[in-house]
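Read through the structure below, which is laid out as structure tokens, and then see the notes.
Labels below follow one simple rule: chain letters A, B, ... track the order of the sequence lines, proteins then strands, and each chain is numbered from 1.
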Amino acid sequence: ETGVTQSPTHLIKTRGQQVTLRCSSQSGHNTVSWYQQALGQGPQFIFQYYREEENGRGNFPPRFSGLQFPNYSSELNVNALELDDSALYLCASSLQGRETGELFFGEGSRLTVL
Amino acid sequence: GQNIDQPTEMTATEGAIVQINCTYQTSGFNGLFWYQQHAGEAPTFLSYNVLDGLEEKGRFSSFLSRSKGYSYLLLKELQMKDSASYLCAVRDLRGYNKLIFGAGTRLAVHP
């Protein structure tokens, strides 16, 4: 089975710009979550998508938005970038209904905002 | 509020045993996870506890006490490749699969 893949792996943006990050879920998984991981910190939940709809959101402003497509792949969009948005953005897929429901993470997209 | 505490750093010797503790205070609880994260890599799933007690998986074991809001990850027969960050995470009680992570414990294994 293929794992979770993310693109791009690294990118640099300037304040005020917009960015789109992409994620392909692990084969057979129907749920995708996005997390933000600042240096030296644990991942922070941004939101989750199931059946192409957002069904859970963390403490992030509306300029963080997302999409899930029929093939379960997903995008994270961040508008009006701020310096504090610099972080590793992790996509995780899981299978709704699986007993443990563990998340399978991609390698992440490292965003630097200058 | 929601709070997960784990030590920032630990060191241990190759071949030894190390225990990484995690305490949590959350408004809801629906399972506790441990993940391993090597520098620059994705977190990988190690263990899951939802009931009190010990779960063993090879060299790794995880323990949970829900009444005490406490878990630990036990690593036996340490190897150099076990040098990594270990993340404790609690799953929110609400319907969706949200994990609340601690800041992680950086473990350095020395020869």
Below 4.5 Å from any heavy atom of chain A, which atoms of B:Q37 appear? Answer side chain, backbone, both or neither. side chain
Counting only heavy atoms closer than 4.5 Å, note whether B:L99 contacts chain A via side chain, backbone, both or neither. both
Counting neighbours of [atom1] on [X] that are heavy atoms of other residues, nucleotides or ligands and sit closer than 6.0 Å, is the number greater than 12?
X     : atom1 : result
A:N59 : CG    : no
B:R66 : CZ    : yes
B:R59 : CZ    : yes
B:E14 : CD    : yes
B:K57 : NZ    : yes

Provide the closest heavy-atom pair for B:L87 versus A:G42 in the form atom of the first, atom of the second, distance. CD2-CA, 4.2 Å
Quick check for you: to the nearest 0.5 Å, what is the distance between A:E102 atom CD and B:F33 atom CZ? 7.0 Å
Do [X] and [Y] belong together in a cluster built from hydrophobic side chains that touch within less than 4.5 Å?
X     : Y     : answer
B:L51 : B:L74 : no
B:V90 : B:I20 : yes
A:F47 : A:L81 : yes
A:W34 : B:F45 : no
A:L83 : A:F64 : yes

Heavy-atom pairs under 4.5 Å with chain A are the metric here; pick the option from B:G104, B:A103, B:C88 that has the most. B:A103
In terms of heavy-atom pairs under 4.5 Å, which option from B:P43, B:G40, B:A89 contacts chain A the most? B:P43
Under 4.5 Å to a heavy atom of chain B? For A:Q37 that would be side chain
Are any of the side-chain heavy atoms of A:L103 and B:Y35 separated by less than 4.5 Å? yes
Under 6.0 Å between the ring centres of A:Y35 and B:F101? yes
Residues of residues 105-114 of chain A under 4.5 Å from chain B (heavy atom pairs)? A:F105, A:G106, A:E107
